[in-house]
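Scroll down for the structure; my scribbles are underneath it.
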Amino acid sequence: MTKFREMGQSQLAALALQASPEPLLMVDPFADLVVEANPAACRLLGLAPGGDTRFSALHPGQMPALIVFTQAALAKGFWWTRNLTPRSAEGRAVRLEYAGTRIDTAEGPLMLVGLTDLDERRRRDTDADAQFYMQGGIAEWQRVARFFRDLERENQLILRAVGEGIYGVNAEGTTTFVNPAAERMLGWSAEELVGTDMHATVHHHHADGSLYPQGDCPIYAAFRDGAVHQVANEVFWRRDGRPLWVEYTSTPIRDRGEVVGAVVVFRDIGQRREAEERLRAAHDEVDALHKRLELENAYLQEEIRREGNHRGIIGTSAQIQTILRQVELVAPTDASVLITGESGTGKELIARAIHQASDRSARPLIRVNCAAIPRELFESEFFGHSRGAFTGALRDRIGRFELAGGGTIFLDEVGEIPLDLQGKLLRVLQEGQFERVGEARTRAVDVRVIAATNRDLEAEVKRGRFRRDLFFRLNVFPIHSVPLRERPEDIPLLALHFLDRPGRKAGAGKLTLSQGDVRRLCRYDWPGNVRELENVIERGVILARDGRLRLDLPGDGTPKVEVATAPLGEAAPILTEEDRRARDEASLVGALRAAGGKVSGPGGAAERLGIKPTTLASRLKTLGIRPTAYRVRG
Ligand SMILES: Nc1ncnc2c1ncn2[C@@H]1O[C@H](COP(=O)(O)OP(=O)(O)OP(=O)(O)O)[C@@H](O)[C@H]1O
């Protein structure tokens, strides 16, 4: 080392300048002259060695940048810039970094300018990185590979975990990937699908079987128009040829702004469609049932109309016809009705007929048997009570009047109501107001009242056992239910009615009334009225043997009344001509029924009516009555 030191510093510096691979210039800034350029600089800039070159001549048109650089280097001692581009030897533009260092000499300041080729430096950086990984060896490469593998695995896990089917297509429509959910739903494996035309494989036809041209496919449209396409109700075709109802979204995939394909996310909506289908079917069924009910209702209404207006009240007697007319008359009003008559004559039946024929028929008819309520419970039964109102009142209870709100209350055996409660009853009838027992609050109610009694209420009023004002209030429209003994012509018809009742025991339908039966029934006095007749027939059916009814009548044998000749008595109502015709017609029908449709011969309708069969036949013809309609089976 000592012998080189003897060479002297300036000689060594000159050698260094010459040998440096970095282009170096020594510039006299004030003279604008390149006083020295090493071989590397000469090669780069195309300078002749030793020849004077103006520094600015190397940078044509860049004087401002050159001045700024030079002044900064001189002022600060060191400066660098990438804003200067020198004229190169080959005439090409070279990206350089200039680094200027001020050197002070006895002759004045000089500037040493080092030029760094930036492209060359980047190449070296890349080589250095590669060398770093090479030196790091296989371990470093494995780390990088592992990183990418983990990334891939995570992506796969995500794709596997999602319940939606996912597949990707490139811009040519070729499938690039398929997730397991899509494989499951479509029945195709990923290997079978990847590389194929997805539309042609799973999306070729519409649900109705018509062709689905690829040009119409929203998935493909996604990479033509670059927009997201959502479709709610289409089919993809499974591998087994079955349709899979899906909703899907097709989202375009872009690479540096260019659409390179689309990713399709789809969901099986089969179950949802089935549920919707079932719901629709259920609605349709309800609609159909509703329509059918309406039709049936209309039909039943028509039947009821055709059956006449007797509403279950059987009888052709003038008394029954009068009652029916009274029912029709009073039903549409809200008037209170008092039905009087012996027990079992049909008072409740009349009350129900009034309710059914009234505008309140959609609301209930509430029956209260006043004879059956213990005296102390009357008020609570009628008006209800609040909890704790009396011992045993464990909860609030609604009364019969409230229950009948909007409908009708039927006070059976109204004569049994205790005197002290009659005032409260009067109040609710007059004002429509009442209070529950144990409650101060006044309640309003809209109820129509029908009352019935087998007592002589007027006599009760006179005896002071029934309030006069209440009697008048109830007796707005009186109807008297006539006992059976006063209308014996109704007996055969009623007996047949009870015999034909639906729900009779098996085989009992064959039972008929013989002439002898009818005669015996008509002879009997019927103290128990229609209810007793009903019971006798019931019993007769139970006791029947070999298709013959067995009537068991107490005290049987004494003739009381004759059907055909039964006198109407002095109290018979006055009949109009129309009434008389109706009555005659009813009488013919009654005789036909009793005779089981037989017109002539013994026991026939003509005999029962006491007229010639030919006369009866002609009357029936005039009235359009067919005797066969009354033929009794068996
Ligand atoms: N005209 C009739 N047509 C058909 N059935 C009738 C007729 N009259 C009464 N009945 C029947 O006789 C039975 C007794 O009738 P209902 O209960 O209406 O008589 P009631 O006068 O209210 O008796 P009670 O005073 O004892 O309460 C019932 O089964 C009823 O259907």
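As the structure is a computational prediction, the values presented were derived from the model and not from experiment. Order of listing sets the numbers, starting from 1, for every ligand and every atom in it.
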inquiry  = Which residue and atom name correspond to the protein heavy atom nearest atom 29 (O) of ligand 1, and how close is it?
reply    = E534 OE1, 2.8 Å
task = Consider ligand 1: state whether an atom of it lies below 4.0 angstrom from any non-hydrogen atom of G312.
result = yes
request  = Tell me which protein heavy atom sits closest to atom 22 (O) of ligand 1, plus the residue, atom name and distance to 0.1 Å.
outcome  = E348 N, 2.9 Å
request  = List the closest protein heavy-atom neighbour of atom 26 (O) of ligand 1: residue, atom name, distance to the nearest 0.1 Å.
outcome  = S343 OG, 2.6 Å
task = Please could you name the atoms of ligand 1 that E342 approaches to less than 4.0 Å, counting only its heavy atoms?
result = 21 (O)
query = Does D420 come within less than 4.0 Å of R375, counting only side-chain N to carboxylate O?
reply = yes
inquiry  = For Y524 and E532, which I'm curious about, is there any donor-acceptor pair between the side chains at under 3.5 Å?
reply    = yes
inquiry  = Against D412, only a single residue in K347, R400, R367 fulfils salt bridge (Lys or Arg N to Asp or Glu O under 4.0 Å); can you say which?
reply    = R367
ask   = Evaluating non-hydrogen atoms only, which member of D412, I320, L349 is closest to atom 7 (C) of ligand 1?
value = L349
query = Are side-chain N/O atoms of D490 and S317 paired as donor and acceptor at under 3.5 Å?
reply = yes
Shortest protein contact, atom 3 (N) of ligand 1 (heavy atom only) = I314 N, 2.8 Å
query = For R397, which of E381, E379, E402 qualifies under salt bridge (Lys or Arg N to Asp or Glu O under 4.0 Å)?
reply = E381
E342 and N454: side chain donor to acceptor below 3.5 Å = no
message = Distance under 4.0 Å to a non-hydrogen atom of L494: what atoms of ligand 1 satisfy this?
response = 2 (C), 3 (N), 4 (C)
message = Suppose we measure from atom 16 (P) of ligand 1 to each protein heavy atom; which comes out shortest, and what is that distance?
response = G346 CA, 3.7 Å
inquiry  = If we count only N and O atoms by modelled type, under 3.5 Å, do the side chains of T442 and E435 hold a donor and an acceptor together?
reply    = yes
query = So which protein heavy atom does atom 14 (C) of ligand 1 come closest to, and at what separation?
reply = R531 NH2, 3.7 Å
task = Would you verify whether the NZ or CZ of R485 falls within 45 degrees of the ring axis of W526 while also being under 6.0 Å from that six-membered ring's centre?
result = no
ask   = Heavy atom of R352 under 4.0 Å from ligand 1?
value = no
inquiry  = On a heavy-atom basis, I'd like to know which of I313, T340, T345 is closest to atom 8 (N) of ligand 1.
reply    = T345
ask   = Would you say R548 has more than 12 foreign heavy atoms packed within less than 6.0 Å of its CZ?
value = no
Taking atom 25 (O) of ligand 1 as the reference point, the nearest protein heavy atom with its distance = K347 NZ, 2.6 Å
query = Would G315 count as a contact of ligand 1 if the rule is a heavy atom under 4.0 Å away?
reply = no
ask   = Looking at atom 10 (N) of ligand 1, what's its closest protein heavy atom, distance included?
value = V530 CG1, 3.3 Å
task = Measure the acute angle between the ring planes of F434 and F383, then classify it against the limits of 30° and 60° as parallel, tilted or perpendicular.
result = parallel
